[in-house]
Q: 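Dropping the structure in here first, questions after.
FYI, side chains are in, hydrogens and waters are out, and symmetry mates aren't considered; it's all heavy atoms of this structure.
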Amino acid sequence: MKLKLEYLARCGTFSECCFRTPFYKKEVSGLAFICRSGPAVWEPQSLLLVYGGLIPSGREQLAMWLEKLKGRGAAGFLADLSGEEDERIDALAKACCERELVFGTAAAEHFASLINEYSHLIASRTDGTVRAYDRVLEDLQHRFYTSGTDSLLDGLNYWTGCQAALIVGQDTFVKPSVPVLNEAVFYPAYWRKEPQKSSLSHVSLYFSSRSKKMLLQAELFKNRLPFGVLCLIGEEGIFEPSDYILLNYASILCTGIDDYKRRSRRIEAAIEMICGGQMPDSSVTNLFPESGYALVLRDLEADGTADGKKEYLSYLIHHYFPQKLCYSFSAEGSLRLFASTEDVDHFGRRLLDILDRAGKRCRAGVSRYYTISQAVTAFFEAESAAHIAGLLEYGERICYYHDLGIYRLLNYPENSWPINQMLGEMDELLNQMDEEKRDVLAMTVRVFVKCKFNYQKTADKLYTHVNTVRYRIKLIEDLWDADLSSDEGRLLFSVLAKLLPLWMKSGCYSGTIPREGE
C-alpha cells in the first residue's frame, strides 16, 4: 500500500511529527526501523524511523549515510532528535533537501505507535487522501444506507481506484459508468482463478486470458443462497491487500439490497405472464412506465456465443437506457421490452445497433402505443409483427404492427381465429393431392391474384398456356367451393393468396413452395 506523503503527514497518526523538508510528491510504501543490530532491511520508498544516536555526526560520514539511504530507495526518515541543537537539525534538513529526501522529527516514545497506527491506514488511490480502516468502512456503510448502491460503488472506486460493478439478476450497476465494461467480465470462461488464494473465503482474484484486465470478485449470499456478485476491475497487478478487505465489507453491506434493486426478476416474471395473456397486479405493473411501446427482438441468426451473453446484453441495455423501459429475455432467447419513448423508430434503431456491436443481430417487432394496462395487447402486436416479418423475409429490420396491413389477420399458431381455421381446412384439401399438383395449384392462386384475376397475364407469368391456367383455377374453385364470378369469391381468393404462403411457411404445409417461373 502506497500513501502520498503530504496526505500522510496531515493524518492523525503523524500529528506529533514535524516535517522539515518538502514532500517532493513522494509516496510511502511502509515504515521501517533502523536499529543497531545488523543491517536494516526495508522496501523501496519506505519512510525510515531512526534514533538520533544512529545518525552520523561528521559531515563526510553524514553525506555517505544519506547517499546510502537514497541509493537504496528510501523516501526519507523520521528521527528522534530530542535534546539536539537547532543548528544540527537545520544542517540535517539542508543535507536532506539537497538529496530530495524527506526529513522529520518525532518524539522517541511515539516511534512504536507509529508502526502500529500506520498499519491501520488506507489511502484513496483516486486523490491520495489517508484515513484509518475503520473510518473508511464507516464511509462505505454511510454511503450504502443513506444513498444506496450507486454511492457504495462510488466509494469503492474512490478508495481502490478500480472500476466497481454490482451484478444482481439482470441488473448491472457500474461506477464509473464509462467506458463500457468489457464483455469478458460476464463470461466465466474468459477468467482463470489465481493460484494464490484469498484469506477471505468469498473473495477471489481472476485474470483474463484475453486481456490485461484483472477481476477481484466477491460472491453475494442471502439466506445462504447466492444472488449476485460484486467486483473490482483493474489492470494486472493493481490490487492491494486493502482492496480485498474493502470489497469483502462492501459485499456484506450488499446483502441488505432490497427488492427494488432486484426488480428485474419481478419484471421478467411479469412480462412472461403478460405474453401469456394475463396482467399482473398493480404492485408489479407500477415498476413499468405508465405508457409506451412493446418491442420483441428475435435473432436473425443462431447465437453461438459464450455463457454470460444475456447478462452482458442486459448490462448494455441498462447502461444505454437507464430509464423509461423494462426488459427481459424469453426462454428461447427473444428480447422483450416495454419502453416509453417519443421516437420509437430512433430508439429501435439505436438498440439494434448496440446489440449488433455486441454480436447479437435481431429483427424487431413493434406494437402501437399503449398504456401499461393494455400491455397484453401491446406484446401480442409486437410478437405478431416479429413473427410475421420473419415469415415474410421482411426487408426492414424493424417491423411495425400497424404497417402489416392484411397480414395482421394471420397469427399462427397460437390463436384459433376463423381465418386460420379456414387456412387449415383449405390446406388440408390441398394436401389430399399429390405433392407436385398441390404446389402448382398454390402457386397459380398466388400469381392469379397478383395479376388481378387476369388469366392471360397469369399464363404469361407462369410460362404456360392460358387454358391451363383456366383449368387450374376451376380445380381450385371446385376444391374450395368458391365462385370467382362473385365479389365474395374474389375477396376470399385475395386474402388466401396473401396468407396461404405464410401458413405454408409456418410449418403446417407439408409441401415445398415453388418460385415464380418454375
Q: Going by an N to O cut-off under 4.0 Å, is there a salt bridge joining Arg349 and Glu396?
A: yes
Q: Checking side chain to side chain contact (heavy atoms under 4.5 Å, CB included) for the pair Asp154/Arg143: CA distance, chi angles, key distance, verdict?
A: CA-CA 9 Å; Asp154 273 331; Arg143 286 171 176 269; 3.8 Å; yes
Q: Inspect the contact between Asp243 and Arg125 and indicate whether a charged nitrogen and a carboxylate oxygen are less than 4.0 angstrom apart.
A: yes
Q: What I want to find out is whether Arg397 reaches Asp356 closely enough, with some N-O distance under 4.0 Å, to be called a salt bridge.
A: yes
Q: Does a sphere of radius 6.0 Å around CD in Glu85 hold more than 12 heavy atoms from other residues, nucleotides or ligands, not counting ones at 6.0 Å or beyond?
A: no
Q: Answer yes or no: does atom CD of Glu290 have more than 12 heavy-atom neighbours from other residues, nucleotides or ligands under 6.0 Å?
A: no
Q: Taking all non-hydrogen atoms of both residues, which atom of Ala389 and which atom of Arg363 are closest, and how far apart?
A: CB-CD, 3.4 Å
Q: Taking the ring of Phe77 and the ring of Phe103, is the distance between their centroids below 6.0 Å?
A: yes
Q: For the pair Tyr315 and His319, name the ring-plane relationship: parallel under 30°, tilted 30 to 60°, perpendicular over 60°.
A: tilted
Q: Tell me if the CD atom of Glu43 is crowded by more than 12 foreign heavy atoms within 6.0 Å.
A: no
Q: Work out which heavy atom in Cys254 is nearest to a heavy atom in Leu152; give both atom names and the distance.
A: SG-CD2, 3.7 Å
Q: Would Arg298 and Glu383 count as a salt bridge (Lys or Arg N to Asp or Glu O under 4.0 Å) here? Give the steps.
A: CA-CA 9 Å; Arg298 294 188 173 183; Glu383 289 274 9; 3.0 Å; yes
Q: Please step through side chain to side chain donor-acceptor pair (under 3.5 Å) for the pair Asp139 and Trp159, ending with a clear verdict.
A: CA-CA 10 Å; Asp139 173 60; Trp159 289 106; 3.2 Å; yes
Q: Got a second to check how far Cys399's SG is from His387's NE2, nearest 0.5 Å?
A: 11.5 Å
Q: What heavy-atom pair brings Leu352 and Leu297 nearest, and what distance separates the two atoms?
A: CD2-CD2, 3.8 Å
Q: Is it the case that Arg72 places NZ or CZ above or below the six-membered ring of Trp42, under 6.0 angstrom from the centre and within 45 degrees of the axis?
A: yes
Q: Under a plain distance cut-off of 3.5 Å, with no hydrogens placed, do Tyr370 and Ser291 share a side-chain donor-acceptor pair?
A: no
Q: Would you say CZ of Arg135 has more than 12 non-hydrogen atoms from neighbouring residues, nucleotides or ligands within 6.0 angstrom?
A: no
Q: Between His318 and Tyr327 (judged by ring centroids, cut-off 6.0 Å), do the two rings come close enough to count as a pair?
A: no
Q: Please examine the side chains of Cys362 and Leu300, heavy atoms only from C-beta on, and report whether any two atoms are closer than 4.5 Å.
A: no
Q: Can you tell me if Arg59 has over 12 outside heavy atoms packed within less than 6.0 Å of its CZ?
A: no
Q: Given Phe347, which partner from the list Phe321, Tyr293, Phe338 fulfils the ring-ring contact (aromatic ring centres under 6.0 Å, His included) test?
A: Phe321
Q: Describe, in one word, how the ring planes of Tyr118 and Phe14 are oriented to each other, choosing from parallel (under 30°), tilted (30 to 60°) and perpendicular (over 60°).
A: perpendicular
Q: Which heavy-atom pair separates Leu66 from Leu101 by the least distance, and what is that distance?
A: O-CD1, 3.7 Å
